[in-house]
Amino acid sequence: MNAVNDLFWPIHQAEVSSPEWTEGLLARVSKVLSREPRLIRLPDSPLVFVGDTHGDWEATKSLLRKYWDSPTTFVFLGDYVDRGPNQVENINLLFELKCQTPERLILLRGNHETRSINERYGFYSEVKERVGGLTEAYASSFRELPLAAVSKHQGIFAVHGGIAEDLDYIEEINDLPREEEPENTVTFQLLWNDPKEKIQGFKQNCRGGGSRLFGRDVTEKFLEENHLNLIVRAHEVFEQGYQEFFGGLVISLFSCRHYRRPIEGKVLHIDGDGGQQLVSV
Ligand SMILES: [Mn+2]
């Protein structure tokens with residue numbers, strides 16, 4: 001296995017943000033991602049789940065360094081770009097590592113890995129300024145990102161937003177189309193939905209666009225029918241970096257440390273015996 005410093009070497013070079021290098025990287029990663037199913041089956045190794053990073057590549061690097069030398073599989077829950085200080089570095093670093101070690105690093109899609117959102121929240125301005133006209137190439141690579149992951153061994157379902165109204169069994173995720181703009185309602189809701197205490201079923205979400213809030217009853221039903229016991233998701237800012245819902249059936253993570261205000265970013269480490277530990281970034 002490569003030492004982590006070797007893996008980081010290209011990202012320290014000025015040319016990492018050159019249009020030529022980035023263009024090649026995006027072509028390589030698209031090919032790697034296109035071979036992955038929409039629903040990733042996680043290995044029985046220890047796992048570390050990472051919430052939104054939004055351009056906080058210092059957080060990303062520090063996490064990779066912390067767990068790289070242990071046999072840990074990294075599951076990033078999406079939202080790598082927009083808003084933060086080093087968006088191109090953050091996504092390019094993760095994409096380079098994905099190409100080099102595809103099994104160790106699972107990169108799920110967040111709602112920010114979408115053209116219409118990148119046009120509004122800063123990523124495309126950074127891309128145009130730093131790496132030229134590669135917005136189309138980023139959009140094509142984002143289309144290939146898997147939508148969810150499952151650890152049958154640990155009973156964990158991982159997704160950026162949450163469960164979706166018309167999704168009964170997780171295997172159905174493998175039939176969802178690869179779309180640059182998530183128009184399929186199940187795909188959209190996997191990327192956009194939020195858990196909410198004290199509601200029943202699915203309700204309208206103020207995020208709009210067809211996104212929904214989901215309550216405890218539908219969460220319990222989903223977990224039971226899929227023989228799972230925990231949903232790990234991201235997508236919402238919490239100052240302490242995480243929030244539990246429904247008595248611990250859902251854990252929400254936020255792993256970047258500046259998001260309009262300082263945040264204590266957290267990740268969730270699951271050891272081989274299922275022990276859960278929330279760790280500061
Ligand atoms: Mn999000």
Side-chain angles (χ1 to χ4, degrees), residues 38 40 49-57 59-60 63 74-87 90-91 94-95 106-124 126 138-139 141-149 157-165 167 173 176 179-196 202 204-214 219 231-245 250-261 263-268 281:
R38 313 304 283 137
I40 301 286
F49 294 94
V50 185
D52 299 23
T53 49
H54 281 304
D56 186 355
W57 87 306
T60 300
L63 289 168
F74 295 88
V75 185
F76 284 80
L77 299 165
D79 281 12
Y80 314 108
V81 298
D82 286 329
R83 296 196 155 117
N86 296 98
Q87 300 167 32
N90 197 45
I91 191 65
L94 289 168
F95 274 178
I106 304 305
L107 302 179
L108 300 184
R109 188 175 187 180
N111 63 306
H112 278 268
E113 279 69 56
T114 303
R115 180 199 306 276
S116 58
I117 302 297
N118 297 154
E119 280 167 354
R120 285 173 57 191
Y121 293 97
F123 183 50
Y124 279 6
E126 190 177 312
Y138 275 108
S141 62
F142 292 165
R143 180 189 61 208
E144 305 295 340
L145 288 167
L147 301 171
F157 178 70
V159 65
H160 181 70
I163 57 172
E165 243 171 337
L167 179 77
I173 292 171
L176 293 170
E179 301 171 296
E180 281 190 11
E181 207 59 48
E183 286 173 355
N184 180 287
T185 55
V186 172
T187 305
F188 187 89
Q189 290 190 21
L190 290 170
L191 303 189
W192 282 89
N193 285 0
D194 295 305
K196 176 88 174 156
F202 290 88
Q204 193 176 343
N205 190 330
C206 65
R207 291 181 191 266
S211 66
R212 312 290 277 166
L213 300 167
F214 57 96
T219 301
I231 296 171
V232 181
R233 51 88 70 175
H235 193 43
E236 277 182 280
V237 190
F238 297 102
E239 292 199 358
Q240 71 278 23
Y242 79 102
Q243 181 70 43
E244 287 189 3
F245 291 85
V250 175
I251 296 181
S252 190
L253 298 170
F254 202 77
S255 308
C256 78
R257 299 154 309 157
H258 29 68
Y259 189 86
R260 293 178 231 148
R261 56 187 188 273
I263 303 279
E264 195 187 338
K266 289 277 198 328
V267 299
L268 178 68
V281 174

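In listed order, ligands and their atoms are each counted from 1.
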Sequence-distant partners of Arg38, salt bridge (charged side-chain N to carboxylate O under 4.0 Å, His left out), two or more places apart: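 Listed in chain order: nothing, the list is empty.
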Sidechain-backbone polar pair: His54 side chain, Val81 backbone, donor-acceptor under 3.5 Å: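 Checking the backbone N and O of Val81 against the side chain of His54, a donor-acceptor pair under 3.5 Å is found.
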Verdict with supporting geometry, Tyr121 and His112, ring-ring contact (aromatic ring centres under 6.0 Å, His included): CA-CA 9 Å; Tyr121 293 97; His112 278 268; 5.6 Å; yes
Protein N/O/S count near the Mn ion (ligand 1) (criterion: distance under 2.8 Å):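 Near the Mn ion (ligand 1), the number of protein N, O or S atoms below 2.8 Å is 4.
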Test item: side-chain donor near acceptor, Asn90 and Asp56, under 3.5 Å: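 Judged by distance alone, the side chains do not pair up.
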Side-chain H-bond candidate by donor/acceptor type, Thr185 with Glu165, under 3.5 Å: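 Looking only at side-chain atoms, Glu165 and Thr185 do not form any donor-acceptor pair under 3.5 Å.
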Basic-acidic side-chain contact under 4.0 Å: Asp194, Arg233: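 Salt bridge between Asp194 and Arg233, a charged N being under 4.0 Å from a carboxylate O: yes.
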